[in-house]
Amino acid sequence: MTYIGTCRNRIRIVWIIEIRRRSLCVTLNYNLAYWGSMDVSSIRKDFPTIRNGDAVYLDSACQSLKPDSVIEKMLEYYNEYPACGGRSVHSMATRVSMGVDETREKLAKFFGSKNENDFVFTKNCTEGMNIVARGFGLKKGDTVLTTDVEHNSNHVQWLEMAKDIGIRRRYCRTSRCGEFDIEEFKNVMDRDVKLVSMGHSSNVTGCTVPIKEVTEIAHDYGAAVLVDGAQAAPHMPVDVVDMDVDFYSASIHKMLGPSGVGFLYGKSERLEKLRPLIYGGGIVGLATYDTVKISPAPERFEAGLENYSGIIGASAAIDYLEKVGMRGIADQETYLQTLIQKGLEDIEEITLVGPEDPSKRGGIFSFNIKGLNPHDVAMMLDNMDTILVRSGMHCAHPFFVSRNINGCVRASVYLYNDDEDIDRFVAALKKIVAIFSKRTKIH
Ligand SMILES: Cc1ncc(COP(=O)(O)O)c(C=O)c1O
């Protein structure tokens, strides 16, 4: 296996493989020691798609599978109290309102906050990012700083706002394999930057940004910090208060929760000043023909009827993640990444997109097979052994364009993936390589 941007010649590859072999032993021993504390085989029984099917699901970075408890909670809403929340005072509607409040309280606790009103329900991470972009009050000439590996949900709105109101954009460059450099960040920060907007973890490389350090520096320059937490919130412990971020947006459908549910966290004083993106019913204290008094947060950002079954189902997802433990999930993902790496380390035709150290990739293994189109590889994996991965540019086009890479295949693991999943994935990849290259033997 070769590494993009980190080792180009054979001597370096051999050297790195040797180092990897040694550190793999340490990592494997550590993780195997840990392994016993998380019961993956019983976790797998909680997921109907796993229990009732034979697919290897390696697309959790896109959307996670859902456990029974989440599906049951949503069904309970539809079967027993499918009313609207926050409006009618009858008992069925009150049950809905209480369900929504309960999820909000759980979210706050889960992410380290004591104030549930700092958590706004959105339909996804993208919506939260756009609420802040449009509502923060950026003016012509204000600079927004991102990294150069952002998902389009933290990129396209800034392009549009540069056109619409003349904001300026600045990038903090990462290494070729996407690793963040805090020194580079210090170099590009100045007082023109009004908002630092960064992905916590990349959906392409899995690399994680040290947000707490970033926030400290950004605040010293008077800039606010918005974090795209779509790929971090499902995979590691996240404490928004400890990191001192101003805003944090994520998708609950990547965290075992129902499709179309996300949240935006904002410090109370920030949410108070943020203009809503959408106006209408549910966010109004009183409206006359000529005036309107908008409600305080979080309601002011939740206009119109909401995805109640999704929000209520999300509370079961948070319960589930809390029960399993986020530290354990992060460790398990590193373990699985290590297994993949070990399984593929002798295959030169596979090029890794991202850092070579499995512990730096979160749940993400992005790669290419030399000479093959990533979509073809994804289709072959599905056709050969129902291994479900994603292929393409993963809504992070600037990363690929700047590195002259024509997309990649992404296998993303989560708490329900086990050794057998990885064995099947590795075996299928070896088969594909063997079919398309005479040089590789199938082990
Ligand atoms: C890093 C990152 N940010 C944002 C998003 C957007 O998430 P959503 O489509 O749920 O809004 C994704 C989705 O994959 C992502 O990976």
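Only this structure's heavy atoms are used, side chains among them; waters, hydrogens and symmetry mates stay out. Atoms within each ligand, like the ligands themselves, are counted from 1 in listed order.
Atoms of ligand 1 found under 4.0 Å from any heavy atom of Cys125 (numbered from 1 in listed order, with element): 4 (C), 7 (O), 10 (O), 11 (O). With ligand atoms numbered from 1 in the order given, ligand 1 contributes 8 (P), 10 (O), 11 (O) to contacts under 4.0 Å with heavy atoms of Asn124. Those atoms of ligand 1 that come under 4.0 Å of a heavy atom in Ala230, given as number and element, are 2 (C), 3 (N), 4 (C), 5 (C), 12 (C), 15 (C). Every atom of ligand 1 with a heavy atom of Gln231 under 4.0 Å away is listed here by number and element: 1 (C), 14 (O), 15 (C), 16 (O). Proximity to Asp228 (heavy-atom distance under 4.0 Å) selects the following atoms of ligand 1: 1 (C), 2 (C), 3 (N), 4 (C).
When the options Ser251, Ser412, Cys62 are ranked by their closest heavy atom to atom 8 (P) of ligand 1, first place goes to Ser251.
A cation-pi geometry, defined here as NZ or CZ lying under 6.0 Å from the six-membered ring centre and within 45° of its normal, holds between Lys323 and Tyr320.
Residue contact check for ligand 1: Lys123 places no non-hydrogen atom closer than 4.0 Å to it. Taking 4.0 Å as the cut-off, Lys254 counts as a neighbour of ligand 1 on heavy-atom distance.
Here the heavy atom of the protein found nearest to atom 9 (O) of ligand 1 is Thr126 OG1, 3.8 Å. Of the protein's heavy atoms, His151 CD2, 3.2 Å lies nearest to atom 15 (C) of ligand 1. Looking from atom 4 (C) of ligand 1 to the surrounding protein, the closest heavy atom is Ser153 OG, 2.9 Å.
Salt-bridge check for Asp59 with Arg410: passed, with a basic side-chain N closer than 4.0 Å to an acidic carboxylate O. Look at Arg44 and Asp418 and you find a salt bridge, because one of the NZ, NE, NH1 or NH2 atoms lies within 4.0 Å of a carboxylate O, short of that distance.
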Task: Check against salt bridge (Lys or Arg N to Asp or Glu O under 4.0 Å), Lys123 and Glu302 - done: CA-CA 10 Å; Lys123 68 173 189 286; Glu302 296 175 352; over 6 Å; no
Task: Derivation and outcome, salt bridge (Lys or Arg N to Asp or Glu O under 4.0 Å), residues Asp385 and Lys431 - done: CA-CA 11 Å; Asp385 197 14; Lys431 245 186 234 171; over 6 Å; no
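Judged by distance alone, the side chains of Tyr171 and Arg173 never bring a donor and an acceptor atom under 3.5 Å apart.
Between Ser201 and ligand 1, no N or O atom pair is found at a separation short of 3.5 Å. For a threshold of 3.5 Å applied to N or O pairs, the pair formed by His253 and ligand 1 contains at least one separation below that value.
Atom-to-atom distance recorded for Leu415:CG and Leu256:CG is 5.5 Å, nearest 0.5 angstrom.
Taking the six-membered ring for Trp and the full ring otherwise, the centers of Tyr414 and His235 sit less than 6.0 Å from each other. Aromatic ring centres of Phe263 and Phe111 lie closer together than 6.0 Å.
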